[in-house]
Amino acid sequence: MSSSDRGPVRTRYAPSPTGPQHIGGIRSALFGWLFARRHGGQFILRIEDTDRKRSVPGLIEMIQDAFDWLGLDIDEGPRQGGPFGPYIQSQRLDLYQTWAHWLVEKGHAYKCFATAEELAQMREAGSGYDRRYRDLDPAAAKRLASRSQDYVIRFKMPLTGKTSGYDMIRGEVTFDNEQLQDTVLLKSDGFPTYHLAHIVDDHHMKISHITRAVEWLPSFPLHLKIWEALGWQKPYFAHLPVLLNPNGKGKLSKRKGRFAAADGTSVPVLVQEFIDAGYLPAAVLNFLTNIGWNFGDDREIFSLSEAIERFDLTDVNPANSAYPIAKLHWLNGQYIQSADVDYLAGLLKPVLQGAGYAVDEARLRRVAPILQVRLKTLNDVIAMAGFFFEEWSCFTAPATEILFQKKMDGRATRQVLEASIPVIESLADFSHERQYAAFKDLAKKIGYKNGQVFGALRAAVTGQRVSPPTFETMEILGKAESIRRIKLACDSLE
RNA sequence: GGCCCCUUCGUCUAGCGGCCUAGGAUGCCACCCUUUCAAGGUGGAGACACGGGUUCGAGUCCCGUAGGGGCUACCA
């Protein structure tokens, strides 16, 4: 959608710093970001900390970090600065106050002196605020104000008629004005509510397209009326669908987030949880972009820059969607599979170190390629390949029985393992191809199946029943270490 | 309760009146490949919420019903 009449495309993500970054919020931000990039515009981060009770200090950095991890660059924001700062609402209080009082002067808003008790009574009566101060005569209002009585400023919502607005995703939406209350614009502590603050900021920051979650749709008409009262040109609006819990019941929430998926694993919801679970930022981005929007051409895997070329808010599916977390698992595996080896090794290193392994980088670079088709998350490396980075003084597998292959007892297993040692010693070329040939010969010679010999070796050398291919593993381990581990396994069979 | 939004395989989606005996992906199942696990290949089961219209023709447009989601704060 062109916006030449509204200047360059400028979108923003405006979280309230009340908790760590939630994937639902990130997805909304991503759509705004994609749209800005598609049109060569700017993406702004603005912190909406107007709720003093709920704002958590220190969270701004965490929000920035989340964007950094994902690789979504921000043009203007608390860290980057910009021509329309500050980008933190608590630092722009005078602006909101000025406009709130301007609206009062112009008759679009009024001071309301209702006490908390009065409000509570009205709530109990079930009809909401009854606009009792809407038509208070100016003299009385002045008298109350001079007694330094607390007041809020409320918007004078039209009592009749309808308000409709255009949503880029759903088209025209119409509401009855009488459904809306005289919403508070400025609280008694001098802080604005969201309704006032975002409009003042979006105007002053020259936001061209407001992208926000659907939960804002009910207050869309209120906002439209405020824009009109202020006499400012309205931006375009796109109310984004939201993520529902994996079972489709209820909005995806931070608190309910950690329930178990079908396979028993917990569902990541916070950005930090994606990092901790070993997901790649590119995979997470691809995953999120594919919910509510699609690339076309039946393509599931695409880069962010490819998405930028095609993205449009008008193509976003208006329906909310269940959080399809299983697809991320698959996608992440695909990204690991096609990742650059050095990049992958670089990501794997801290994971292994975090699990207490001493990582030899050269070895890790050799291990990474044989892991690529096997890892779904970075964390899988621990279970799959931790043994590469351990010093063994004895066969450490939880059960010696893992050494036993089909129809084999301890004696047979030992016989196979002992017969393997001279085979290894005899190999001048220790490549996995040569090993394969040599051990096939051995199996034939001693009358065992390939699987029995290979499996016993696998267990002896890795301490696992499931591992990367045995011979490639031994090639990396080296002859000496392979033999050493096989001997330790034999010892355990004493 | 009132208001608003939404509704295609379990899930994410394609579909913008005839190309749909509804396509892709994931997940699931089977087979193939195979030294385990994966990966890869092939195949399979699996959906237009329901009821009315409009139209020569409806998954696609309209209305109703049902279901789901959201809002209804001096929270965002």
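Chain letters run A, B, ... following the sequence lines, proteins first and then strands; every chain starts at 1.
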Q) Would D182(A) and R132(A) count as a salt bridge (Lys or Arg N to Asp or Glu O under 4.0 Å) if you check the C-alpha gap in whole Å, the side-chain angles of each, and the deciding distance to 0.1 Å? A) CA-CA 10 Å; D182(A) 283 356; R132(A) 61 181 60 173; over 6 Å; no
Would you indicate what [X] reaches in the nucleic acid, counting non-hydrogen atoms under 4.0 angstrom: base, sugar-phosphate, or nothing?
{"X": "G296(A)", "result": "nothing"}
{"X": "W293(A)", "result": "nothing"}
{"X": "K53(A)", "result": "sugar-phosphate"}
{"X": "T462(A)", "result": "nothing"}
{"X": "P192(A)", "result": "sugar-phosphate"}
{"X": "V453(A)", "result": "nothing"}
{"X": "N450(A)", "result": "nothing"}
{"X": "A459(A)", "result": "nothing"}
{"X": "T183(A)", "result": "nothing"}
{"X": "L331(A)", "result": "nothing"}
{"X": "V152(A)", "result": "base"}

Any chance the rings of [X] and [Y] have centres within less than 6.0 Å?
{"X": "F471(A)", "Y": "F439(A)", "result": "yes"}
{"X": "Y194(A)", "Y": "W216(A)", "result": "yes"}
{"X": "W293(A)", "Y": "F31(A)", "result": "no"}
{"X": "F220(A)", "Y": "F237(A)", "result": "yes"}
{"X": "F287(A)", "Y": "Y279(A)", "result": "no"}

Tell me whether the OP1 or OP2 atom of [N] has a side-chain N or O from [X] closer than 4.0 Å.
{"X": "N294(A)", "N": "A14(B)", "result": "yes"}
{"X": "Y323(A)", "N": "C12(B)", "result": "no"}
{"X": "T50(A)", "N": "A76(B)", "result": "yes"}
{"X": "N317(A)", "N": "A14(B)", "result": "yes"}

In the structure shown, which nucleotide is the Watson-Crick or G-U wobble counterpart of [N], with both distances under 3.5 Å?
{"N": "U21(B)", "value": "none"}
{"N": "A30(B)", "value": "U42(B)"}
{"N": "C9(B)", "value": "none"}
{"N": "G64(B)", "value": "C50(B)"}
{"N": "G1(B)", "value": "U72(B)"}

What is the distance, rounded to the nearest whole Å, between atom [atom1] of [X] and atom [atom2] of [N]?
{"X": "E117(A)", "N": "C74(B)", "atom1": "CD", "atom2": "C1'", "value": "13 Å"}
{"X": "I47(A)", "N": "A76(B)", "atom1": "CD1", "atom2": "P", "value": "14 Å"}
{"X": "I88(A)", "N": "A76(B)", "atom1": "CD1", "atom2": "P", "value": "16 Å"}
{"X": "W216(A)", "N": "A76(B)", "atom1": "CH2", "atom2": "P", "value": "7 Å"}

[X], nearest nucleotide to its side chain (from [options]):
{"X": "K187(A)", "options": "A76(B), C3(B), A14(B)", "result": "A76(B)"}
{"X": "R54(A)", "options": "C6(B), U35(B), A76(B)", "result": "A76(B)"}
{"X": "L244(A)", "options": "G70(B), G69(B), C37(B)", "result": "G69(B)"}
{"X": "S321(A)", "options": "A14(B), C12(B), U36(B)", "result": "C12(B)"}
{"X": "L217(A)", "options": "C5(B), A76(B), U36(B)", "result": "C5(B)"}
{"X": "K249(A)", "options": "G69(B), C74(B), A76(B)", "result": "G69(B)"}

Q: Scan nucleotides 19-28 of chain B nucleotide by nucleotide, 5' to 3', and note B when protein non-hydrogen atoms come under 4.0 Å of the base, S if they reach only the sugar-phosphate, - if neither.
A: ----BBBSS-
Q: Tell me, yes or no, whether the heavy-atom count around M122(A) atom CE, taken from other residues, nucleotides or ligands under 6.0 Å, exceeds 12.
A: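 Yes.
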(Q) Between E215(A) and R123(A), which residue's closest nucleotide on RNA chain B lies nearer the 5′ terminus? (A)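 Result of the comparison: E215(A).
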Q: With RNA chain B as reference, determine whether V214(A) or H432(A) sits nearer its 5' end, using the nearest nucleotide of each.
A: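 Nearest-nucleotide comparison on RNA chain B picks H432(A).
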Q) Could you walk me through whether R12(A) and D202(A) pass the salt bridge (Lys or Arg N to Asp or Glu O under 4.0 Å) check? A) CA-CA 9 Å; R12(A) 43 67 168 181; D202(A) 284 337; 2.6 Å; yes
Q | Geometric class of the Y13(A)/F67(A) ring pair [parallel <30°, tilted 30-60°, perpendicular >60°] | A |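 Taking Y13(A) first and then F67(A), their aromatic rings sit tilted (interplane angle of 30° to 60°).
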Rounded to the nearest 0.5 Å, what's the gap from [atom1] on [X] to [atom2] on [Y]? Could you check?
{"X": "R212(A)", "Y": "S219(A)", "atom1": "CZ", "atom2": "OG", "result": "6.0 Å"}
{"X": "I23(A)", "Y": "F274(A)", "atom1": "CD1", "atom2": "CZ", "result": "4.0 Å"}
{"X": "I47(A)", "Y": "I60(A)", "atom1": "CD1", "atom2": "CD1", "result": "5.0 Å"}
{"X": "I446(A)", "Y": "Q452(A)", "atom1": "CD1", "atom2": "CD", "result": "9.0 Å"}

(Q) Does anything in residues 463-471 of chain A come within less than 4.0 Å of RNA chain B? Heavy atoms only, and list the residues if so. (A)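 R465(A), V466(A), S467(A), P468(A), P469(A), T470(A), F471(A), in order of number.
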Review item, nucleotides 41-43 of chain B N/O atoms under 3.5 Å of protein N/O:
none

Q. So, Q89(A) and E48(A): side-chain donor and acceptor under 3.5 Å apart, yes or no?
A.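 The answer is yes; a qualifying pair exists.
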Q) Would you say the side chain of C112(A) lies within less than 4.5 Å of the side chain of E118(A), judging by non-hydrogen atoms? A)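 No; the side chains remain at least 4.5 Å from each other.
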